[in-house]
Each structure stands twice: as C-alpha cells, then as structure tokens.
Visitor: 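Can you read through this structure? Questions will come right after.
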Amino acid sequence: MFILNRRNLLALGVAGAATAMASRLSLAAVADTKVFTADEAGVMVDSTVIVGEKSAIVVDAQFTVANAKALADVIQATGKEVTTILITHYHPDHLLGLSVLLDRFPEAKPLTHPSVLAMINKASAPTLKALTAQAPKGVFPDKLIVPDVLTKDHLLLEGERIEILDPMHGDTEFVTPVHIPSLNTLIAADVGYTDTHLWLEENTTPDQVSKWRDSTRELEAIGAKTVIPGHRKPDSRSDASIFAYTRSYLDSWEKALAASKSADELKAALLKDHPDAGFGFALQRSVAAIYKN
Ligand SMILES: [Zn+2]
C-alpha cells in the first residue's frame with residue numbers, strides 16, 4: 001500500500017513536472033528580442049524585433065532608408081514571418097521606415113494606438129514633405145504609410161500577450177511602451193534614452209518635463225530586467241539605468257534653461273554635463289525650440 005501510494009506520489013510528481021514543462025514550453029513561444037540601433041544619421045533610434053517560433057513583431061520602423069533596410073536585413077535573418085509592425089509614437093524617426101519594411105514584408109500589419117494615429121494624421125505628411133525637400137533624394141523614404149488603428153491593449157505573438165501600455169508622456173505627449181512579461185523585457189520607446197541628447201522640442205515647460213519624469217518612474221516600477229531605450233549609443237546598456245540617465249538629462253535641461261541667456265549658453269551648458277552624448281541633432285533642435293534660431 002505504501003509502495004502504491006509512493007508510486008502514486010511519484011506519478012503525481014512526474015505529472016507535475018510534465019505540466020510545468022508544458023507551461024514553460026508555451027511561454028517559450030516568445031524566444032528572444034533583437035534590437036537594431038541606427039547610426040548617427042538615423043538619430044540612433046532603436047527598433048526591436050520580438051521573435052517567436054515562427055513569427056515576429058517589430059516595434060518601431062526607423063527613420064532613413066539605409067537604416068530601415070538594415071533593420072529589414074536583421075528581421076529577414078531571423079527567418080520569421082512578420083505579423084505586425086507597431087509604431088510607438090508619431091515622430092518620423094520611428095515611423096518613416098515603414099514603407100521600406102512593408103516593401104520587404106508585405107504581409108505585416110502596421111498598427112498604432114488611436115492617440116498616436118491622430119498625431120500621425122495631423123503632423124506626419126508635412127514633416128515628410130519638409131524632410132524630403134531638405135535632404136538629398138533617397139535619404140528618407142518618399143512615401144508615408146499611415147498605420148491602422150490598434151483596437152486592443154495587447155498583441156498576440158503565437159498566443160502570447162505582448163502588452164501595449166497606455167500612452168504616456170515622453171519626448172512627446174503620447175508614447176506607448178511595450179512590455180513582454182515572459183522575457184522580463186520592457187521597450188521604453190521615447191520615455192527612456194541613454195547616452196544621447198534628449199529630444200526636448202516638445203518639453204519646454206516645467207509641467208511637461210515633470211510629466212516625463214513621472215513616466216520614467218512609472219516604467220521603472222514595472223521592474224523589468226531588460227529595458228530597451230528609444231535612443232542610445234550602440235554599446236549602451238539595456239537595463240533600468242536608462243531611466244536614471246533620462247532624469248539626469250532632464251535635470252541638466254532645467255538647470256541650463258534657468259541659467260542661460262542665449263542659445264550658445266544653453267547648448268554649452270548641456271554639452272558640459274553630457275560631453276559624450278550622441279544624437280547631436282536633438283540638442284540642436286531642443287535649443288532652437290527655446291531660442292527660435
Ligand atoms: Zn525618437
């Protein structure tokens with residue numbers, strides 16, 4: 001009887017182990033993320049490929065044609081079918097490469113949150129026109145693809161939930177970070193930067209800067225082990241330290257704004273605090289937003 005019970009217990013143990021293995025296997029549907037970071041000409045923007053067993057979801061589509069093509073090569077090397085390309089916010093450095101990606105992966109569905117879509121409809125066509133008028137032909141994609149509207153708070157990758165967070169204030173008003181619980185990974189999008197200047201054109205008031213700081217704390221509280229910033233240097237870390245970096249840059253910005261009386265002084269103060277930061281174009285535009293130069 002004892003042996004029988006023991007056998008039963010063993011059988012239960014084995015059954016338990018099998019169940020645990022099955023649930024681990026189902027969680028393994030999302031196997032990995034691959035991050036592509038653009039060069040300085042592509043404003044060091046990150047795109048993330050969330051890789052499943054057979055398919056993949058891409059988060060953000062790059063800015064220039066060259067960087068979007070390089071991202072497409074990274075995606076193609078995974079050998080997975082792209083189901084969705086999610087755009088986290090309306091800025092052209094995350095959106096414009098969509099036409100290049102869709103040429104390569106026509107089966108993919110581009111999606112974005114309704115608040116982001118409203119901004120794209122309002123701002124993106126004039127921005128693309130201005131960019132293509134200024135740059136040599138072929139640098140930027142010549143057509144704007146407007147994503148379809150996202151109707152849920154998540155995407156499914158082979159049955160597994162990829163959480164699309166509600167829009168929060170980052171370098172613009174509506175940014176939708178992405179949380180992948182099974183990988184303990186958070187794609188901060190443009191709520192978190194590291195080792196670059198921040199795009200502050202839309203954060204010129206104390207209230208806006210304060211909202212951005214609050215968003216970094218909200219994301220930090222998720223406690224994800226891997227945190228992918230919106231902009232970085234290629235060798236920067238992918239962890240929660242990006243939030244402290246972002247807040248320290250916002251501190252520098254406010255201190256420099258209070259102390260500077262000219263564009264040159266503002267620029268010099270930010271460069272003094274962050275001498276090695278990449279994405280110099282952001283610094284130029286942030287200063288211009290204050291001094292209209
Ligand atoms: Zn950006």
Side-chain angles (χ1 to χ4, degrees), residues 35-49 58-68 70-71 85-101 110 112-113 115-117 119-120 122-124 127-128 130-131 135 139-141 144-145 147 164-165 167-178 186-204 208-209 211-212 215-216 219 227-234 236 238 242-243 245-247 249-250 253 270 274 277-289:
V35 178
F36 172 82
T37 304
D39 55 18
E40 181 79 51
V43 299
M44 297 180 155
V45 59
D46 270 350
S47 291
T48 306
V49 189
V58 179
V59 179
D60 285 336
Q62 292 291 315
F63 191 26
T64 65
V65 170
N67 282 288
L71 168 62
I85 304 170
L86 180 85
I87 304 298
T88 60
H89 62 290
Y90 86 98
H91 283 161
D93 48 325
H94 301 254
L95 169 71
L96 288 189
L98 202 44
S99 65
V100 175
L101 297 187
T112 200
H113 187 278
S115 304
V116 178
L117 182 60
M119 290 300 295
I120 290 173
K122 196 165 118 187
S124 296
T127 304
L128 178 59
L131 283 169
V139 171
F140 295 107
L144 174 68
I145 304 283
I164 315 300
L165 306 188
M168 56 178 69
H169 192 106
D171 69 358
T172 186
E173 193 179 354
F174 303 110
V175 181
T176 57
V178 176
L186 177 68
I187 301 167
D190 281 6
V191 177
Y193 283 54
T194 198
D195 302 332
T196 68
H197 294 285
L198 270 56
W199 185 266
L200 289 155
E201 196 179 59
E202 294 162 74
N203 281 278
T204 55
Q208 288 167 326
V209 172
K211 281 183 181 159
W212 190 345
S215 301
T216 65
L219 290 187
V227 184
I228 300 165
H231 296 262
R232 70 153 96 220
K233 284 186 165 178
S236 298
S238 294
I242 72 162
F243 297 122
Y245 177 89
T246 304
R247 288 193 294 268
Y249 196 102
L250 291 173
W253 172 244
L270 289 162
H274 295 90
F279 195 3
F281 183 53
L283 174 65
Q284 192 185 317
R285 290 297 296 257
S286 302
V287 171

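Counting convention: from 1, in listed order, for ligands and their atoms alike.
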Visitor: Can you count the protein N/O/S atoms lying under 2.8 Å from the Zn ion (ligand 1), leaving waters out?
Guide: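 Every protein N, O or S atom under 2.8 Å from the Zn ion (ligand 1) counted, the figure is 4.
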Visitor: So, Thr194 versus Arg232: side-chain donor-acceptor pair below 3.5 Å or not?
Guide: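 No, Arg232 and Thr194 have no side-chain donor paired with an acceptor closer than 3.5 Å.
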Visitor: Under 3.5 Å, is there a donor-acceptor pair between the Glu201 and Ser286 side chains?
Guide: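 Looking only at side-chain atoms, Ser286 and Glu201 do not form any donor-acceptor pair under 3.5 Å.
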Visitor: With no hydrogens and no angle check, just 3.5 Å: does a side-chain donor-acceptor pair link Asp190 and His231?
Guide: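 His231 and Asp190 do have a side-chain donor-acceptor pair below 3.5 Å.
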Visitor: Ala135: which residues meet the side chain to side chain contact (heavy atoms under 4.5 Å, CB included) condition with it, sequence neighbours left out?
Guide: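 Per chain and number, Ala135 pairs via side chain to side chain contact (heavy atoms under 4.5 Å, CB included) with Val139, Phe140.
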Visitor: From the options Phe281, Tyr249, Trp212, select the one residue that forms a ring pair (Phe, Tyr, Trp, His ring centres under 6.0 Å) with Trp199.
Guide: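 Per the ring pair (Phe, Tyr, Trp, His ring centres under 6.0 Å) rule, the option paired with Trp199 is Phe281, out of Phe281, Tyr249, Trp212.
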Visitor: Checking side-chain contact (heavy atoms from CB on, under 4.5 Å) between Leu198 and each of Asn203, Asp171, Leu250, which is the one that passes?
Guide: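 For Leu198, the side-chain contact (heavy atoms from CB on, under 4.5 Å) check succeeds only for Leu250.
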